[in-house]
Amino acid sequence: MSPPPSRKTILTQVYQRLFAAYGPQRWWPAETPFEVMVGAILTQNTAWANVERAIARLKAADVLSPAALRRLPLENVASLIRPAGTFQAKARKLKALGELLGRYGDDLARLFNERPLSDIRRELLAVHGIGPETADAILLYAAGNPSFVVDAFTQRVLGRLGLIKEKARYEEVKTLFEARLPPDPALFNEYHALLVEHGKRTCRKREPRCRSCPLLDLCPTGQAALG
DNA sequence: GCCCAGGTGGGTA
DNA sequence: TACCCACATGGG
């Protein structure tokens with residue numbers, strides 16, 4: 001009898017299987033780091049297609065910059081981002097983002113560089129509208145830091161694999177990845193995107209498609225579902 | 001019509 | 001701490 005595979009080994013296998021099944025995801029689609037930050041807020045509980053509409057409207061109005069978002073009245077911001085849903089709430093959040101950057105002279109390099117990752121993360125979390133997932137998405141996809149992003153799909157996929165408890169805390173899941181994978185932003189980037197794609201296509205909340213799941217032989221839940 | 005989407009903040013027990 | 005709920009548009 002060989003010992004059961006470690007969680008580190010399983011995490012590596014999961015990544016390889018997902019990449020083989022779905023290919024590179026090319027996240028985060030954006031022209032600038034600031035656009036990534038805006039997208040990270042707009043995509044909260046929202047389909048990406050609707051975020052793209054909202055961002056296109058901000059660009060068309062030539063207000064996709066921290067200074068312009070600070071200057072523009074709240075109602076105008078809300079009106080422009082309406083397609084992204086929860087637009088009143090998100091308009092407030094974009095204003096708060098603009099204020100944060102204003103404290104750094106609208107210079108993203110000054111916000112992101114030359115201090116510990118944990119300090120930057122704490123400052124992001126203090127901004128209205130930036131929770132743990134949005135903060136990590138900004139750190140990873142806008143700043144290029146090895147900060148693993150955990151979302152509902154990640155929790156679901158790992159829960160079904162039996163690697164975490166269903167109600168595991170955000171930080172616990174984040175640490176699981178960061179402690180067992182090399183701190184490589186490109187890897188974290190692709191891994192998170194692959195987990196989202198996998199969650200949408202196969203490991204869905206209702207009617208999971210276990211029959212076509214690339215992780216089936218690693219997954220007790222899926223094997224049980226197939227009887 | 002219903003469910004869901006690349007969550008967060010605020011309130012209550 | 002642990003749950004609720006509001007926020008709101010658009011696609012399947």
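In this text, all values refer to a predicted model and were calculated from it rather than measured experimentally. Convention: sequence-line order gives letters A, B, ...; per-chain numbering from 1.
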A/Asn113 atom CG, neighbour heavy-atom count above 12 within 6.0 Å: yes
Along DNA chain C, first and last positions that approach a heavy atom of chain A under 4.0 Å: C/dT1 to C/dG11
Watson-Crick or G-U wobble mate for B/dT12, both contacts under 3.5 Å: C/dA2
Spacing between A/Lys205 atom NZ and B/dC3 atom P, to the nearest angstrom: 11 Å
Interatomic distance where CG belongs to A/Leu194 and P belongs to B/dG6 [whole Å]: 14 Å
Cluster link A/Leu158 to A/Leu181, ILVMFWY, side chain under 4.5 Å: yes
A/Pro29 side chain, from C-beta outward: closest of B/dC3, B/dG7, B/dG6: B/dG6
Parallel, tilted or perpendicular: ring planes of A/Trp48 versus A/Trp28, cut at 30 and 60 degrees: perpendicular
DNA chain B: 5'-proximal contact among A/Thr86 and A/Arg206 (nearest heavy atom): A/Arg206
Phosphate-side-chain proximity, A/Lys200 and B/dA5, N/O vs OP1/OP2 below 4.0 Å: no
Close side-chain approach of A/Glu207 to A/Arg204, heavy-atom, < 4.5 Å: yes
Residues within residues 40-51 of chain A bordering DNA chain C, heavy-atom distance below 4.0 Å: A/Asn45, A/Asn50
Nearest-Å distance for atom pair CG/P, residues A/Leu124 and B/dG7: 17 Å
Atom NZ of A/Lys165: over 12 foreign heavy atoms under 6.0 Å: no
Side-chain donor-acceptor pair present, A/Gln25, A/Tyr191, cut-off under 3.5 Å: no
With A/Ile138, the side-chain contact (heavy atoms from CB on, under 4.5 Å) member among A/Ile120, A/Leu108, A/Val36, A/Ile130: A/Ile130
Pairwise C1' distance, B/dA5 and C/dC3 [rounded to whole Å]: 22 Å
Under-4.0 Å salt bridge between A/Glu178 and A/Lys174: yes
Ring-on-base stacking B/dG6 with A/Phe153 (under 5.5 Å, under 30°): no
Result of checking A/Phe148, A/Phe188, A/Tyr170 against A/Phe177 for ring pair (Phe, Tyr, Trp, His ring centres under 6.0 Å): A/Phe148
Value in whole Å for how far the P atom of B/dG6 lies from CG of A/Leu18: 16 Å
Within residues 128-145 of chain A: residues closer than 4.0 Å to DNA chain C (heavy atoms): none
Separation of B/dG6 P from A/Glu52 CD (nearest whole Å): 11 Å
C1' gap between C/dA2 and B/dG6, integer Å: 25 Å
Greater than 12 external heavy atoms within 6.0 Å of A/Glu31's CD: no
